[in-house]
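These notes are about the structure you will find just below.
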Amino acid sequence: MSTSGDDGGAACDKARLQCRDGDKACDNPTLPSWARLSINRCNLPAVILGSYTYQQHPSPLVLDGVLELHCDFFALLDAEASEAVRLQLFYDYMSVSFRLDALEDAGYSASISRKRGRLNYLKLIRGWHFNSDSVEGAVLKAWVESRFGLLPRHHRAPIRDFSGEAYRLYLEQRAAGLYNTNALEAQLDLVYTWTQYELKRRYPDTTHFTLYRGLNRWEAHEMLGEHQSQSLVLLNNVNSFTFERERAEEFGDSVVRTKVPLPRIFCLARFMAERLQGEDEVLAVGGVYGVGSAR
């Protein structure tokens, strides 16, 4: 090991140019402070789980208390080898736990004008598939905001001013969607946790899926930098992807490809194909993604 650099600098066993990684300063941006909360309800802070580094090197995301609260259910799944049986166990458990087929047990009364429980996890996912800027979309974005600490960046219009009209509309639709429902956010907690369980069972050696997303007005998205021929973009706090480029072309005038870490996946529609007919979407938590053109 040399005691000094050739140019009289500090001691180093490599030439200075060899010590450089060649990256630009913007090659590995963190999640901006205006796109995240300082607290959330999972095991990693938003600044980590929403970062580009996390996209490249994911680790498990665990929602606070969900596995502990539903430990008996996941023990049943552990003992069952059949994917079809595990799916039916999931449907049955959701129905029983949240009284989805007996809403009167949860406070429903035919005498009140607003029906309690009219929005549940399946109706919400279907509503998102139909229109991500709907009331259902606002509720799902609010759930991601609460659980992962990622703020929405778009709802019917870009959200850049948290005192502006776009954010006010998002808050109104979030409140309307959650009003008088039966623990809807807790239902979504279990959807995410069950999806993660199934991903680990079915794809034990997989860390990422290569997915596609159709976009309109690519230039309007929030660009944070570039890295290895990829654009580093801040996506909305929840997004739809698909496994097929041709399918993504139906939803935008440009198509991008990215690697989505499995822990960021909220819902895989093919896991519930018979109840989400005609859709093969992947709903994933947002943050900073490195994306490339799929064309």
Go through the side-chain N and O atoms of [X] and [Y] and say whether any donor and acceptor fall under 3.5 Å apart.
X      : Y      : answer
Gln55  : Thr258 : yes
Glu281 : Ser240 : yes
Glu136 : Ser134 : yes

Item to check | Pairing of Asp161 and Arg168 as salt bridge, 4.0 angstrom limit | outcome: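 Salt bridge flag = no for Arg168 with Asp161.
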
Checklist entry - What residue pairs, at least two apart or across chains, pass salt bridge (Lys or Arg N to Asp or Glu O under 4.0 Å) with a residue in residues 265-275? => result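 Of all non-adjacent pairs touching residues 265-275, those that pass salt bridge (Lys or Arg N to Asp or Glu O under 4.0 Å) are Arg270-Asp280.
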
Next on the checklist: Show me the pairs that pass salt bridge (Lys or Arg N to Asp or Glu O under 4.0 Å) and involve residues 33-54, at least two apart or across chains.
Outcome noted: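 Applying salt bridge (Lys or Arg N to Asp or Glu O under 4.0 Å) to every pair that reaches into residues 33-54, excluding sequence neighbours, yields nothing.
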
Determine, using the 4.5 Å side-chain heavy-atom cutoff (strictly less than), whether [X] and [Y] are members of one ILVMFWY cluster.
X      : Y      : answer
Tyr179 : Leu169 : no
Leu199 : Tyr121 : yes
Leu63  : Leu69  : no
Trp34  : Val233 : yes

Checklist entry - Which residue pairs pass the side chain to side chain donor-acceptor pair (under 3.5 Å) test when at least one of the two sits in residues 60-70, sequence neighbours left out? => result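 Side chain to side chain donor-acceptor pair (under 3.5 Å) check on residues 60-70 returns His70-Tyr93.
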
Next on the checklist: Arg160 vs Glu222, test: salt bridge (Lys or Arg N to Asp or Glu O under 4.0 Å). Steps then yes/no.
Outcome noted: CA-CA 10 Å; Arg160 303 294 182 266; Glu222 295 178 280; 3.6 Å; yes

Is [X] reaching over with its side chain to a backbone N or O of [Y], donor-acceptor style, under 3.5 angstrom?
X      : Y      : result
Thr195 : Val191 : yes
Asn236 : Pro152 : no
Arg156 : Asp133 : yes
Arg245 : Arg213 : no

Results of ring pair (Phe, Tyr, Trp, His ring centres under 6.0 Å) for [X] - residues two or more places apart only:
X      : answer
Tyr91  : none
His154 : none
Trp143 : Phe148, Phe266
Phe251 : none

Item to check | Lys200/Asp205 under salt bridge (Lys or Arg N to Asp or Glu O under 4.0 Å): CA gap, chis, key distance, verdict | outcome: CA-CA 8 Å; Lys200 291 174 185 176; Asp205 300 319; over 6 Å; no

Checklist entry - Listed by chain and number, what are the salt bridge (charged side-chain N to carboxylate O under 4.0 Å, His left out) partners of Glu80, not counting sequence neighbours? => result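 Per chain and number, Glu80 pairs via salt bridge (charged side-chain N to carboxylate O under 4.0 Å, His left out) with no residue.
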
Checklist entry - With sequence neighbours left out, what residues match Glu250 under salt bridge (charged side-chain N to carboxylate O under 4.0 Å, His left out)? => result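 If we apply the salt bridge (charged side-chain N to carboxylate O under 4.0 Å, His left out) test to Glu250, skipping adjacent residues, the hits are Arg247.
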
Checklist entry - Stepwise, does the side-chain contact (heavy atoms from CB on, under 4.5 Å) test hold for Leu61 with Gln196? => result CA-CA 9 Å; Leu61 295 177; Gln196 290 298 309; over 6 Å; no

Checklist entry - Is the closest side-chain heavy-atom distance between Glu185 and Leu178 below 4.5 Å? => result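 Side-chain contact under 4.5 Å: yes.
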
Checklist entry - Passes side-chain contact (heavy atoms from CB on, under 4.5 Å), Leu31 versus Leu234? Steps please. => result CA-CA 8 Å; Leu31 182 68; Leu234 175 61; 3.6 Å; yes

List the atom of [X], the atom of [Y], and the distance in Å for their closest heavy-atom pair.
X      : Y      : value
Leu190 : Met94  : CD2-SD, 3.4 Å
Leu122 : Asn120 : N-OD1, 3.1 Å
Met272 : Leu87  : CG-CD1, 4.0 Å
Leu49  : Cys42  : CD2-SG, 3.6 Å
Thr207 : Pro263 : O-CD, 4.4 Å
Leu119 : Leu124 : CD1-N, 3.8 Å

[atom2] on [Y] to [atom1] on [X], rounded to 0.5 Å:
X      : Y      : atom1 : atom2 : value
Asp253 : Leu215 : CG    : CG    : 8.0 Å
Ser146 : Asp189 : OG    : CG    : 8.0 Å
Ser254 : Asn216 : OG    : CG    : 7.0 Å

Checklist entry - What do you reckon, are the aromatic ring centroids of Tyr212 and Phe243 less than 6.0 Å apart? => result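 No, too far apart.
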
Item to check | Within the 6.0 Å centroid threshold, strictly below: Phe209 and Tyr203 | outcome: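 They qualify: ring centres under 6.0 Å apart.
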
My understanding is that a hydrophobic cluster links ILVMFWY residues whose side chain heavy atoms are under 4.5 Å apart, including indirect links. Using that, what else belongs to the cluster containing [X]?
X      : result
Leu151 : Leu37, Ile159, Phe162, Tyr167, Tyr170, Leu171
Leu76  : none
Phe130 : none

Next on the checklist: Is the ring pair Phe241/Tyr289 parallel, tilted or perpendicular, if the boundaries are 30 and 60 degrees?
Outcome noted: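 Rings of Phe241 and Tyr289: tilted, as their planes differ by 30° to 60°.
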
Checklist entry - What do the steps show when you test His208 against Arg264 for side-chain contact (heavy atoms from CB on, under 4.5 Å), and what is the final call? => result CA-CA 9 Å; His208 297 76; Arg264 281 188 180 175; over 6 Å; no

Next on the checklist: Please identify which of these residues, Phe90, Phe73, Phe74, Tyr192, meets the ring pair (Phe, Tyr, Trp, His ring centres under 6.0 Å) condition with Tyr197.
Outcome noted: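 So, applying the ring pair (Phe, Tyr, Trp, His ring centres under 6.0 Å) to Tyr197 and each of Phe90, Phe73, Phe74, Tyr192, only Phe74 qualifies.
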
Next on the checklist: The test is side-chain contact (heavy atoms from CB on, under 4.5 Å); show your working for Thr242 and Val282 and say whether it passes.
Outcome noted: CA-CA 6 Å; Thr242 180; Val282 179; over 6 Å; no

